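What follows is a single structure, written as structure tokens, with notes after it.
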Number of protein chains: 2
Amino acid sequence: MNKAKRVTITDIARLAGVSPGAVSFALNGRPGVSAQTRQRILDIAEESQWLPNSAARALVGSHAGVIGFAVNRSAGTLGAEAFFTDLIAGVQSALAGKRIAMQMVLVSSVEEEVATYRRWHSAKQVDGVIVIDPRDDDPRLPVLRDLALPAVVLGSHASPEGHPATIWLDDSQVAHSLFDYLGALGHRSIAYVAGPAEFQHTRLRTEVLAGLGERGVRGEVIATDFSPAAASTAMRRLLSRLERPTAVVFDNDVMAIAGLRVAQEMGVPVPKDLSVASFDDSVVAGLVHPSITCITRDTFGLGAEAAKFLLEQIDAPDVLADRIGAMPQLTVRESTAVPR
Amino acid sequence: MNKAKRVTITDIARLAGVSPGAVSFALNGRPGVSAQTRQRILDIAEESQWLPNSAARALVGSHAGVIGFAVNRSAGTLGAEAFFTDLIAGVQSALAGKRIAMQMVLVSSVEEEVATYRRWHSAKQVDGVIVIDPRDDDPRLPVLRDLALPAVVLGSHASPEGHPATIWLDDSQVAHSLFDYLGALGHRSIAYVAGPAEFQHTRLRTEVLAGLGERGVRGEVIATDFSPAAASTAMRRLLSRLERPTAVVFDNDVMAIAGLRVAQEMGVPVPKDLSVASFDDSVVAGLVHPSITCITRDTFGLGAEAAKFLLEQIDAPDVLADRIGAMPQLTVRESTAVPR
DNA sequence: GGGTGCAACTATAGCGATTTAGTAAAACGG
DNA sequence: CCGTTTTACTAAATCGCTATAGTTGCACCC
């Protein structure tokens with residue numbers, strides 16, 4: 001068995017004939033060694049394939065070299081939505097090359113999420129976290145503030161400026177761009193099959209839809225748990241009524257696809273008799289037939305920006321300036337049309 | 001600003017009036033302290049919300065408390081496939097409760113993947129890894145063996161038994177269950193739109209299809225990069241020919257959905273004139289119209305099993321007994337039928 | 001020429017756990 | 001009741017790295 005003993009800075013120090021301290025200076029680009037010695041040390045480190053032991057580094061108090069991502073979704077809905085993988089892929093793209101890893105954990109409640117942050121902080125396991133799905137009166141934000149754990153929140157929330165840093169996503173704008181589009185097409189009865197009511201974006205979207213009332217649009221909201229089954233049920237109920245809505249908007253693409261299927265099963269032609277749209281895009285939304293009109297967000301880019309922002313904040317926790325996320329675009333596809 | 005100073009075993013030792021060593025014994029259920037003292041220490045630790053500093057633990061040489069997962073897929077195809085999220089969700093389910101985290105990284109080549117394993121091992125960043133998509137002559141396996149890094153490989157590969165441990169997935173069986181089904185329906189010309197040729201499962205499936213030649217089935221393989229665009233192109237080419245295949249099988253569900261759309265665009269009724277099937281299932285595959293006949297694998301369960309197996313191996317690296325993964329099932333849906 | 005400054009290092013003290021060796025007191029045994 | 005084992009601890013080393021306080025040696029300058 002290959003023992004593969006790990007190379008430490010002490011080994012390098014011995015090889016270079018200097019003290020471990022000098023090696024540390026050299027490897028971290030700190031003053032305290034001559035250019036010549038520094039180069040010699042770097043060469044030896046390279047040759048002997050030295051890699052820093054992250055545990056030791058984390059212990060001495062600098063960085064853990066890890067950012068954390070706690071996802072509060074059931075395992076089932078996780079796999080269905082492309083949002084997470086896209087976001088993660090974006091985060092990874094920003095982390096590539098840097099010696100920073102991402103730790104991910106699935107939690108099943110906000111309480112558990114908060115506990116995870118506490119544990120991560122206490123165990124010095126992560127340097128910062130990415131937080132999604134802000135809620136009204138979000139219990140996570142004060143905790144992150146208390147722990148002084150660097151964080152980037154994606155979305156819009158009521159918290160005052162400052163920690164935690166936020167990439168603001170203007171959900172009202174987003175809701176407007178989709179609902180206004182449907183209104184402009186002539187739809188006067190729109191149903192919105194939403195996710196859980198406690199999410200901030202659900203509330204904002206609901207408000208925007210309600211706001212269209214002045215313009216003669218009757219809106220209706222059905223809360224679900226994001227599952228395709230719930231979407232099917234909602235759709236079936238909507239289409240069984242005498243007064244059907246002429247457009248149904250879903251919170252994500254999987255629910256929209258589920259809804260689409262129900263419409264087809266019930267013989268309701270889309271988009272002729274019914275328009276369908278989704279607040280979330282994905283590759284598949286553009287591939288099904290009819291393809292689904294969606295709000296297209298650069299989730300990958302968002303993930304990358306979030307990671308970069310987080311890293312900046314970890315480096316300089318005091319320099320805080322919230323950012324505005326890229327505005328999502330409306331992608332009109334085949335599933336929406338002028339109502340009959 | 002809340003300083004939130006971290007509690008260490010030294011603090012607990014002081015509070016309990018014992019030495020840090022005794023606290024360590026107590027907290028780890030090791031002999032060396034009286035039952036009474038142990039309880040007192042545990043109580044104090046609980047009260048003061050002590051949590052082990054994982055960096056310190058990793059440094060002394062026990063465990064890092066982290067398992068690693070390096071995914072070699074482009075960011076784009078990652079989000080499209082539910083496989084990864086399902087697998088990850090499964091892994092997480094097995095890790096929940098235990099104090100073990102999962103680190104994930106996206107790599108873009110096998111070389112980079114190998115380098116990642118080297119780095120992880122050298123930096124003692126992970127205790128073990130999960131390896132997917134085995135290849136012919138896989139360069140990763142000898143490296144893992146050399147590093148003696150605990151690992152679990154998912155799939156079938158040519159390596160002799162022993163390290164790394166494997167959960168064998170019988171891809172020939174899987175291929176048989178799908179291709180034989182199509183053959184039994186009466187299909188005599190089957191196209192297989194596959195992933196990259198270097199994957200072991202691509203080869204095995206190709207072999208099975210070729211084997212059907214004796215029974216009068218003409219098979220044909222088109223290699224792609226797993227992207228829906230490539231699937232569309234392949235499908236368009238297949239359907240433009242005079243002699244169309246009567247069934248097309250895709251390596252994953254997203255490609256199948258892309259192919260389905262092409263068929264619909266070209267006015268080829270599915271399943272009447274063309275059967276479509278996929279080697280990978282997902283929620284969406286069952287929701288599109290027509291729903292797609294798939295090989296359904298309990299990916300979530302597989303992830304959970306892989307994680308459990310890996311943890312066992314980390315605990316006892318010498319006790320190795322490969323396992324047989326659960327056999328995937330054929331899920332017949334609307335997209336396949338007797339050919340005209 | 002002796003004080004001052006600076007560059008280039010070394011020595012050493014942690015960080016928070018684990019772990020081994022050592023020690024005092026209690027229990028045991030004949 | 002004395003020698004031996006066991007119990008219940010403490011003291012101290014250790015992991016790999018960082019950071020701070022020295023310690024040289026050499027140039028500079030009035």
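In what follows, every chain begins at residue 1, and chains take the letters A, B, ... in the order their sequences are listed. Only a predicted model underlies this, so the values are computations on that prediction, with no experimental measurement involved.
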Mapping A:Thr10 and A:Phe25 onto DNA chain D by nearest heavy atom, which one lands closer to the 5' end?
A:Thr10

Across the strands shown, which category fits A:Val23 at heavy-atom distances under 4.0 angstrom: base, sugar-phosphate, nothing?
nothing

pair A:Pro150-A:Asp127: side-chain heavy atoms closer than 4.5 Å:
no

Which nucleotide wins on minimum distance to the side chain of B:Trp50, given the candidates C:dA17, C:dT19, D:dG16?
C:dA17

Roughly how many Å is it from CD1 in B:Ile9 to P in C:dA17, rounded to a whole number?
5 Å

B:Arg30 side-chain N/O to C:dT19 phosphate OP1/OP2 under 4.0 Å:
yes

Which nucleotide in the list D:dT10, C:dC9, C:dT18 gets nearest to the side chain of A:Val33?
C:dC9

If I take atom CG in residue A:Asn28 and atom C1' in nucleotide D:dC17, what distance separates them, rounded to the nearest angstrom?
9 Å

Minimum-distance nucleotide to B:Val60 side chain [options: D:dC15, C:dC15, D:dT10]:
D:dC15

Give the rounded distance in Å between these two atoms: NE2 of B:His63 and P of D:dC15.
19 Å

Within this structure, what is the CZ-to-C1' distance between B:Arg57 and C:dG16, rounded to whole angstrom?
11 Å

Whole Å only: how far is the CD1 atom of A:Ile41 from the C1' atom of D:dC17?
14 Å

B:Thr37 near the nucleic acid: base, sugar-phosphate alone, or nothing, with a heavy-atom cut-off under 4.0 Å?
sugar-phosphate

What nucleic acid atoms does A:Ser34 come within less than 4.0 Å of, heavy atoms only: base, sugar-phosphate, or nothing?
sugar-phosphate

Base, sugar-phosphate, or nothing for B:Ile12, non-hydrogen atoms under 4.0 angstrom?
nothing

Over 12 foreign heavy atoms within 6.0 Å of CG, B:Asp137:
no

B:Arg323 NZ/CZ over B:Phe309 ring centroid, <6.0 Å and within 45° of normal
yes

Please work out whether the ring planes of A:Phe69 and A:Phe84 are parallel, tilted or perpendicular, with thresholds of 30° and 60°.
tilted

With a cut-off of less than 4.0 Å, is there a side-chain N or O of B:Thr8 near OP1 or OP2 of C:dC15?
no

Under 4.0 angstrom, heavy atoms only, what part of the nucleic acid is A:Pro31 near: base, sugar-phosphate, or nothing?
nothing

Choosing from D:dT20, C:dG16, C:dT19, which nucleotide comes nearest the side chain of B:Asn53?
C:dG16

